[in-house]
Amino acid sequence: MIETILMLFGDAVMVFGALGILRFPDVYTRLHAATKCDTGGAMSIILALILIMDAPAVVRAKFLVLAFLIAMINPMVSHAIARGAYKYGVKPKVVVDMYAWDNP
Amino acid sequence: MAQEGLLVSAFYVLVFTAMLITYRVVKGPTLPDRIVGLNTITTKVVVIIAVVSVIRGEYYLVDLAIVLLMVNAVGGLILAKYMERRSHD
């Protein structure tokens with residue numbers, strides 16, 4: 001029962017993240033939708049897979065390692081892309097730009 | 001059984017979202033938009049490989065998913081560094 005709830009939650013989060021990437025107006029808001037929804041949905045779906053399958057404990061440990069690596073790597077890469085996009089010259093469409101205050 | 005239908009429906013939902021984000025990769029206005037789309041699609045492909053591994057019962061595919069995730073990390077960092085040093089006009 002709990003694995004069904006986790007799997008449906010992950011599917012809904014993935015669909016809403018894709019809609020955010022399609023509809024948001026800026027690189028940084030798209031990156032926000034992409035990294036948050038993608039990390040949460042992927043970890044939820046992999047936890048549901050661990051609860052569903054009948055396999056030895058080594059395979060479950062491998063799936064746990066995969067979820068941990070997704071939680072570590074995905075925010076790191078999105079942070080690097082945001083920093084590179086600002087240095088590349090894409091200005092955010094906001095009123096207050098606090099990154100420009102700290103780094104003139 | 002019910003669990004099999006749940007896994008197959010999750011597979012189709014993931015493929016559908018990857019095809020939605022392909023629009024952002026093809027028609028992104030700038031270079032960082034395309035990189036965001038590629039990074040998201042690669043994470044979705046990792047989850048698709050894990051789901052297929054549970055459906056088929058061939059659990060060696062999980063190692064392939066872990067290796068693809070690490071390659072995604074290195075490629076994303078290299079693309080970010082490339083954007084950082086190549087500032088356009």
Side-chain angles (χ1 to χ4, degrees), chain A residues 3-4 7-8 10-12 14-19 21-22 24 26-28 30-31 33-35 37-39 41-46 48-50 52-56 58-63 65-67 69-70 72-74 76-90, chain B residues 2-4 6-7 9-10 12-14 16-21 23-25 28-33 35-37 39-44 46-51 53-55 57 59-60 62-63 65-66 69-70 72-89:
Chain A
E3 63 264 17
T4 306
M7 181 73 85
L8 292 181
D11 286 347
M14 284 284 190
V15 171
F16 288 138
L19 283 181
I21 290 177
L22 279 186
F24 276 167
D26 198 3
V27 181
Y28 305 99
R30 276 172 201 149
L31 198 55
T35 180
C37 296
D38 215 10
T39 310
M43 287 185 63
S44 171
I45 288 179
I46 287 175
L49 288 181
I50 292 174
I52 282 178
M53 68 182 176
D54 45 351
V58 183
V59 181
R60 293 168 193 260
K62 279 181 186 176
F63 273 82
V65 166
L66 182 61
L69 281 182
I70 284 177
M72 287 294 115
I73 283 175
N74 216 348
M76 177 185 73
V77 175
S78 75
H79 173 80
I81 287 174
R83 192 169 179 272
Y86 198 90
K87 293 286 180 58
Y88 183 71
V90 179
Chain B
Q3 309 288 338
E4 187 78 25
L6 192 66
L7 288 172
S9 65
Y12 280 120
V13 165
L14 286 170
F16 175 66
T17 53
M19 287 171 62
L20 279 182
I21 297 172
Y23 172 77
R24 184 54 65 197
V25 178
T30 58
L31 178 64
D33 287 321
I35 296 177
V36 169
N39 192 13
T40 311
I41 284 180
T42 313
T43 309
K44 284 187 197 310
V46 167
V47 183
I48 285 172
I49 289 173
V51 171
S53 155
V54 175
I55 288 176
Y59 295 114
Y60 57 88
V62 187
D63 305 334
I66 291 175
L69 190 67
M70 290 176 177
N72 177 29
V74 176
L77 288 181
I78 288 174
L79 281 174
K81 202 68 182 172
Y82 169 73
M83 272 197 307
E84 192 168 330
R85 65 185 295 172
R86 180 183 164 271
S87 64
H88 68 98
D89 63 30

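Small disclaimer: the values here were computed from a predicted structure and weren't measured. So you know, we letter chains A, B, ... as the sequences are listed, proteins then strands, and number each from 1.
Annotation: maximal heavy-atom pairing with chain B below 4.5 Å, among A:Arg30, A:Arg83, A:Lys62, occurs at A:Arg30. When B:Ile66, B:Thr30, B:Leu77 are compared by the number of non-hydrogen pairs under 4.5 Å with chain A, B:Ile66 comes out ahead. Taking chain A as the reference chain and counting heavy-atom pairs below 4.5 Å, the highest number among B:Ile35, B:Val62, B:Asn72 is found for B:Val62. No other option in A:Asn74, A:Leu8, A:Val65 has as many heavy-atom pairs under 4.5 Å with chain B as A:Asn74.
Between B:Lys44 and the options B:Ile49, B:Ile21, B:Asn39, a side chain to side chain contact (heavy atoms under 4.5 Å, CB included) holds for only B:Ile21.
Here the closest non-hydrogen pair linking B:Val54 and B:Tyr59 is CA-CE2, 4.4 Å. Counting all heavy atoms, side chain and backbone alike, A:Tyr28 lies closest to A:Ala85 at OH-C, 3.5 Å.
For A:Thr4, the parts lying under 4.5 angstrom from a heavy atom of chain B are both the backbone and the side chain. Only the side chain of A:Val59 comes within less than 4.5 Å of a heavy atom in chain B; its backbone stays farther off. Both the backbone and the side chain of A:Met14 come within less than 4.5 Å of a heavy atom in chain B. There is no contact between B:Leu79 and chain A, counting heavy-atom distances below 4.5 Å. Heavy-atom distances place both the backbone and the side chain of A:Leu69 under 4.5 Å from chain B. Residue contact with chain B, scored on non-hydrogen atoms closer than 4.5 Å, involves the backbone and the side chain of A:Ile21 alike.
A salt bridge does not link B:Arg24 with B:Asp33: none of the charged nitrogens is closer than 4.0 Å to a carboxylate oxygen.
Looking at A:Met7 and A:Leu49, their side chains come closer than 4.5 Å, going by heavy atoms from C-beta outward. Residues A:Thr35 and A:Ile81 form no side-chain contact, since every pair of their non-hydrogen atoms from C-beta on lies 4.5 Å or further apart.
The number of heavy-atom neighbours closer than 6.0 Å to CE of A:Met76, taken from other residues, nucleotides and ligands shown, is above 12.
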